[in-house]
Amino acid sequence: MSAVYCGTKRSYFDDIPSPPSSKRFRCFSPSNSPIWSSPSPSPSLDQLRTSFPHLELTVLVKALEENGSDLNAAMKSLYSMAAAEEKEAEESSAETDAVSGGNPPTSGDDWVELLVREVLQSSGTDDAKVRAARVLEALEKMLSARAREEAAKKFQEEKVEVQQQVEALVKDNTVLKRGVAIQHERQKAFEDANQQLELLKQLIPQYQEKLRTLEVNNYALRMQLQQVEHGNSMPGRFNPDVF
């Protein structure tokens, strides 16, 4: 069976609560890894975490360790592992179809019924063990493939959500820039108006002085006009300019 970890045989059902991970790294312990224990994060490890966000950190560290901290080699190894697991999932589906007669079980009760049927159809104890192991291995592979599919689906959903958030931030940033530009234009117009107001304030004394001069001149002209009119109204006196 494939449900054998680090040399110890265990039932697959003992491991159902644990999240599925790559079989290549199930026995890896990062306690002695220089990458894991480094006080500062490794740039290569950060790059792997960005490229493979759905993989556990221990898997990424193990990949770097196995490839001598070579980032490109580690990425190739992880891509190869993903391809192998995908192929394994396809084979698992084929095995399940073969075990179940082309109708793969869709529920826990169906799997139990399949297991019982296989055991009852066995020709002996050894055959029953082989048949049971085959059913349990098919069940394990099916659950692992389903877990990977769900993880990939969740990752895609989170990716779409992050993209939407980024687009919203970009839109908000555009609106904010436009608002800042409008505010800047208003501030510039306000400053120009203040400058014109200051110029007008400086011109007010000059116009006031001109107005006083005009008032004085106007008063003098009125006095002269009154004198002329008064002189013409006296009898026996004539305007010398007329003759």
Side-chain angles (χ1 to χ4, degrees), residues 1-99 104 129-130 132-167 169-170:
M1 290 176 61
S2 61
V4 179
Y5 304 89
C6 301
T8 303
K9 293 185 177 180
R10 296 162 54 190
S11 171
Y12 169 76
F13 297 99
D14 293 337
D15 297 312
I16 288 180
S18 302
S21 60
S22 174
K23 296 180 182 179
R24 295 178 55 194
F25 303 106
R26 286 177 177 171
C27 302
F28 174 63
S29 175
S31 58
N32 298 324
S33 170
I35 298 176
W36 185 278
S37 58
S38 174
S40 59
S42 168
S44 298
L45 183 58
D46 289 340
Q47 181 64 35
L48 288 181
R49 293 178 69 179
T50 302
S51 302
F52 302 93
H54 58 287
L55 295 181
E56 296 180 358
L57 184 60
T58 53
V59 176
L60 304 180
V61 174
K62 180 62 176 177
L64 282 174
E65 286 292 313
E66 286 189 343
N67 293 277
S69 299
D70 187 328
L71 176 60
N72 292 331
M75 294 185 70
K76 290 181 180 179
S77 175
L78 291 172
Y79 280 125
S80 298
M81 180 190 69
E85 289 183 347
E86 183 177 356
K87 181 179 180 181
E88 181 182 347
E90 294 176 355
E91 293 176 351
S92 172
S93 178
E95 283 186 17
T96 301
D97 292 343
V99 170
K129 289 181 179 179
V130 171
R134 186 171 57 184
V135 172
L136 293 177
E137 184 173 1
L139 173 60
E140 178 187 9
K141 291 181 177 179
M142 185 273 294
L143 292 177
S144 297
R146 182 178 298 176
R148 286 193 297 269
E149 181 180 354
E150 292 178 353
K153 181 179 179 181
K154 183 178 180 181
F155 169 73
Q156 184 64 26
E157 292 175 352
E158 292 177 350
K159 180 181 179 181
V160 172
E161 183 178 355
V162 170
Q163 288 177 342
Q164 292 175 348
Q165 292 177 353
V166 170
E167 292 175 357
L169 289 175
V170 171

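Predicted, not measured: the structure shown is a model, and the values here were computed from it.
- Lys76 contributes atom NZ, which lies 8.5 Å from atom CG of Asp70 (distance to the nearest 0.5 angstrom).
- In this structure, Gln47 places its CD atom where more than 12 heavy-atom neighbours from other residues, nucleotides or ligands lie under 6.0 Å away.
- The pair Lys141-Glu137 counts as a salt bridge, with a side-chain nitrogen and a carboxylate oxygen less than 4.0 angstrom apart.
- Of the listed residues (Glu158, Glu157, Gln156), just one forms a side-chain contact (heavy atoms from CB on, under 4.5 Å) with Val160, and that residue is Gln156.
- Nearest heavy atom pair, residue Leu64 against residue Leu48, reads CG-CD1, 3.5 Å.
- For Ser44 against Ser69, the heavy-atom pair with the smallest separation is OG-O, 4.2 Å.
- Under the 3.5 Å distance criterion, the side-chain polar atoms of Ser77 are left unmatched by any main-chain donor or acceptor of Ala73.
- When side chains are defined from C-beta on, Leu78 counts as touching Leu60, because their heavy atoms get closer than 4.5 Å.
- Here Arg146 contributes atom CZ and Met142 contributes atom CE; the two are 4.5 Å apart, rounded to the nearest 0.5 Å.
- Residues Ala74 and Asn67 approach most closely at CA-ND2, 3.6 Å, considering heavy atoms.
- A heavy-atom distance below 4.5 Å is not found between the side chains of Lys154 and Glu150.
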